[in-house]
**Student:** 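I have a structure I would like to understand better, so I am pasting it below and will then ask my questions one at a time.
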2 protein chains.
Amino acid sequence: MARKRITPGKIRLAEVAKLAGVSPITASRFFRNPEALSAGKRARVESAAKELGYVPNLAARALASQRTEVIGVLIPSLTNNVFSDVLRGIYDALDGSRYSIQLANTRYSILQEERLLRLFLAQKPAGLIVTGINQTPDSRAIMETVDCPIVQIMEVGPSPIDMMIGFSHFDAAKAAIGHLLAQGYRRIGFLGARMDPRVQRRLDGYRAAMTDAALFDPQLIVTTAIPTSVTLGGTLFADLLAKAPDIDAVFCVNDDLALGALFECKRRHMAVPGQMAIVGFNDLEFMASSEPTLSSVRTNRYEMGRNAATMVIETLEGHRPAEAVVDLGFSVMERQSSARRG
Amino acid sequence: MARKRITPGKIRLAEVAKLAGVSPITASRFFRNPEALSAGKRARVESAAKELGYVPNLAARALASQRTEVIGVLIPSLTNNVFSDVLRGIYDALDGSRYSIQLANTRYSILQEERLLRLFLAQKPAGLIVTGINQTPDSRAIMETVDCPIVQIMEVGPSPIDMMIGFSHFDAAKAAIGHLLAQGYRRIGFLGARMDPRVQRRLDGYRAAMTDAALFDPQLIVTTAIPTSVTLGGTLFADLLAKAPDIDAVFCVNDDLALGALFECKRRHMAVPGQMAIVGFNDLEFMASSEPTLSSVRTNRYEMGRNAATMVIETLEGHRPAEAVVDLGFSVMERQSSARRG
DNA sequence: CAATCGCTTGGTAGCGCTGTCAATATCGGT
DNA sequence: ACCGATATTGACAGCGCTACCAAGCGATTG
């Protein structure tokens, strides 16, 4: 009745142990905590493993140890190149480590996020990286009871679930507007697409700066729920000009919109700067090499991803970072498109 | 001595089975092949699972069944937005299915690719998606013996390992040059960055087209191993102008370079078109909304990813696609930047 | 009416590894 | 030389699920 589902060519830990002349459990320890072995056995297991080409079976490990070496990452979009920078940072930080990534796309829905969260947690991830600070109350509750490092990325705010890394979108937008005001611009428009919570806070920053300067006018704001694109930047800019033909500057919530606005200015033979100042957000690579060069708010997306992953790993290795909340800041890159007015 | 490592709150298959009044194995079948159950038991298991909030333990499943529901994806770069489109297609195709993605970055190294391949295969993936057709002989040999669907993406060529989806980079570049020739351009430069195998084949296509027209001149070619960027496009274009000041057109191996070349033309007050024609490659979104609009070769990256993932899934479900090799083609998008000369 | 067939269902064992605890080896101090 | 403390090592059972085989059962067939 015993069917002995022996797998033919596969090398198991037991084989390695036998070749090395140790018990399986000692061989097991070699792969998880080599320091715990005496130098002699360590060398024997190592060479045995190499000789047999042994690769641990992660499923068995996960089942026996009741945890995985997978870090779950929840991001709202794969299209947005902001997230591809963050992801690159995460993957780079994990490269060569024992950990791997499980990526899921929430499509900007916090309900979807909650669903994915439950799915992830059922598999006992080693850690979790989630986007933003706007989770559903249930999501928050779940995450607060889970026993694994969690990093919220993209922005900072009060009461982190566990750890947090990002910057203040409110302050960043406010600083961008401050720059335009300092350069002498007064009728500053706002272009926004896909108004996710972070873009919303950039709008708040814009509103605060304009209100402080007694220049706020709702007519200057054009937003849409449509996902961003360069083409959309041109369209929204045209809409803005129709609503407020007297604008002298425009702040775009991302660089694609800014580029689209620039092209629209060119089509209308509107001088940038001169007749129109443009400031973008994110400081994608092309902003520095366009003609004219485009001002933008630089954010440290790659570093954000990299640090977030490092924070998770360090915590797992027992060296929890001293600071649970890291503000990476931003810098306003002042370029030709927002040169001093007049 | 029995330590009974009972996990407190966790719901296992056995609990679901008990509540549903069936054996664990019947409950198990419900999750893998519901059709095999009678309608009554199916409903009972379903409601029991829902009531308990049961989520299968994938590690246990993988261990017991000796396979996973993970599709390995090997791509050369996370930076390149070409791959982010492909990835988006892959993720979209798998969304809602039982399968998940394990992503790894080969960093344009086929040795790294081989290493990652071995790593992946040790975990028995359900399927594999690999980039390109230039694998090491060992990689090829390994993949040919593995018993899971494999799709090579990005280009088509002879002798697929298993399945293949892409297009001919040679033909696409040749068609782009054909377009410029047809528009009356003669001194057509070539700008290339990060000369990976596919970019190399675009160069081959350029060379073939120019040679056929008896217009080939090595002075017209500028390439570099540096990763691409808009800034680099400007630099390379300047280099090209220095080498061959009499060029009347330039073909760029990707759209970032083309945009950089356009900005460089603007800086030099060189009319596009008029004094200089520009054609890019990939047809990123911004090409259609720049000023002037930029001609490019449209490739179906999202569809490529989506179809590749679908091909894997369909094969796994027993409906292997009729065609193992799918050529998605391309189209030359003729826009202002390559308007007829003169 | 016995033999056969297909559909469902269940029992048993084991996938490959690690947690827990116990046993043994090693070592310094008195 | 003896004792306790520390470093290494090992035995055992079990993580939660599914492969395998067998059996139950009603329907069909000649």
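To find a chain, count down the sequence lines: A is the first, B the second, and so on, and within it residues start at 1. Values below: all heavy atoms of this structure, side chains included; hydrogens, waters and symmetry mates excluded. All values reported here derive from a predicted model rather than from experimental measurement.
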**Student:** Flag the pair R306(B) and D95(B) as a salt bridge only when some basic side-chain nitrogen lies within less than 4.0 angstrom of an acidic carboxylate oxygen.
**Tutor:** no
**Student:** Is any side-chain N of the basic residue among E114(B) and R118(B) closer than 4.0 Å to the acidic one's carboxylate O?
**Tutor:** yes
**Student:** Rounded to whole angstrom units, what separation is found between the CG atom of N57(A) and the P atom of dT18(D)?
**Tutor:**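 In whole Å, dT18(D) P and N57(A) CG are 15 Å from each other.
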**Student:** In whole angstrom, give the distance that lies between atom CZ of R44(A) and atom C1' of dT8(D).
**Tutor:** 13 Å
**Student:** Return yes if some donor-acceptor pair links the side-chain N/O of R44(B) with the main-chain N/O of A20(B) below 3.5 Å, else return no.
**Tutor:** yes
**Student:** How are the rings of Y108(B) and F83(B) set relative to one another: parallel (under 30°), tilted (30 to 60°) or perpendicular (over 60°)?
**Tutor:** perpendicular
**Student:** Any donor-acceptor pair, under 3.5 Å, between the side chain of R67(A) and the base of dG19(C), if you only look at N and O atoms?
**Tutor:** no
**Student:** Any idea which of dC15(C), dG11(C), dT18(C) is nearest the A64(A) side chain?
**Tutor:**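 Looking only at side-chain atoms, A64(A) lies closest to dT18(C).
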**Student:** Mapping A60(B) and S23(B) onto DNA chain C by nearest heavy atom, which one lands closer to the 5' end?
**Tutor:** S23(B)
**Student:** I'd like to know if R29(B) reaches the base of dG10(C) with its side chain, counting only an N/O donor and acceptor under 3.5 Å.
**Tutor:**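 For R29(B), whose side chain was compared with the base of dG10(C), there is a donor-acceptor pair (under 3.5 Å).
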**Student:** Mind listing the closest non-hydrogen atom pair of D162(A) and C148(A) along with its distance?
**Tutor:**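 Taking D162(A) first and C148(A) second, the nearest heavy atoms are OD2-O, 3.9 Å.
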**Student:** Ignoring backbone atoms, test whether S28(B) places a side-chain nitrogen or oxygen under 4.0 Å from the OP1 or OP2 oxygen of dC17(D).
**Tutor:** no
**Student:** What nucleotide, of dG19(C), dC15(D), dC17(C), holds the atom closest to the side chain of L63(A)?
**Tutor:**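 Selected nucleotide (nearest to the side chain): dC15(D).
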**Student:** Using a 4.0 Å heavy-atom cut-off, does A36(B) contact any base of the nucleic acid, only the sugar-phosphate backbone, or nothing at all?
**Tutor:** sugar-phosphate
**Student:** Classify R42(A) by what it touches in the nucleic acid, base, sugar-phosphate, or nothing, heavy-atom distance under 4.0 Å.
**Tutor:**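 Touches nothing.
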**Student:** Just the rounded figure in Å: distance from C1' of dT9(D) to CZ of F30(A).
**Tutor:**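 Rounding to the nearest Å, CZ of F30(A) and C1' of dT9(D) are 16 Å apart.
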**Student:** Just to confirm, is there a sub-4.0 Å distance from OP1 or OP2 of dC7(C) to any side-chain nitrogen or oxygen of S38(B)?
**Tutor:**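 It does not, given that no N or O in the side chain of S38(B) lies less than 4.0 Å from OP1 or OP2 of dC7(C).
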**Student:** If you only use heavy atoms from C-beta on, which nucleotide in dG10(D), dG16(D), dC17(C) is closest to the side chain of R12(B)?
**Tutor:**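 Of the options given, the side chain of R12(B) lies nearest dG16(D).
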**Student:** So, does T26(A) get its side chain near the phosphate of dT8(D), meaning an N or O under 4.0 Å from OP1 or OP2?
**Tutor:** no
**Student:** How many whole angstroms separate atom CG of N33(B) from atom P of dT8(C)?
**Tutor:** 10 Å
**Student:** Rounded to whole angstrom units, what separation is found between the CZ atom of R32(A) and the C1' atom of dG16(C)?
**Tutor:** 12 Å
**Student:** Tell me the interatomic distance from E69(A), atom CD, to dT18(C), atom C1', rounded to whole angstroms.
**Tutor:**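 Nearest whole value for this atom pair: 12 Å.
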**Student:** Without decimals, in angstroms, what is the distance between Q66(B) CD and dG16(D) P?
**Tutor:**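 After rounding, the gap between these two atoms is 19 Å.
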**Student:** Can we say R67(B) and D147(B) salt-bridge, meaning some charged N sits less than 4.0 Å from an Asp/Glu carboxylate O?
**Tutor:**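 Salt bridge between R67(B) and D147(B), a charged N being under 4.0 Å from a carboxylate O: no.
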**Student:** Where the side chain of S65(A) is defined as all heavy atoms beyond and including C-beta, which of dG19(C), dG11(C), dG16(C) is the nearest nucleotide?
**Tutor:** dG19(C)
**Student:** If you look at every strand shown and take non-hydrogen atoms under 4.0 Å, does Y54(B) touch a base, only sugar-phosphate, or nothing?
**Tutor:** sugar-phosphate
**Student:** How many whole angstroms separate atom CG of L37(A) from atom P of dA25(C)?
**Tutor:**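 Rounding to the nearest Å, CG of L37(A) and P of dA25(C) are 17 Å apart.
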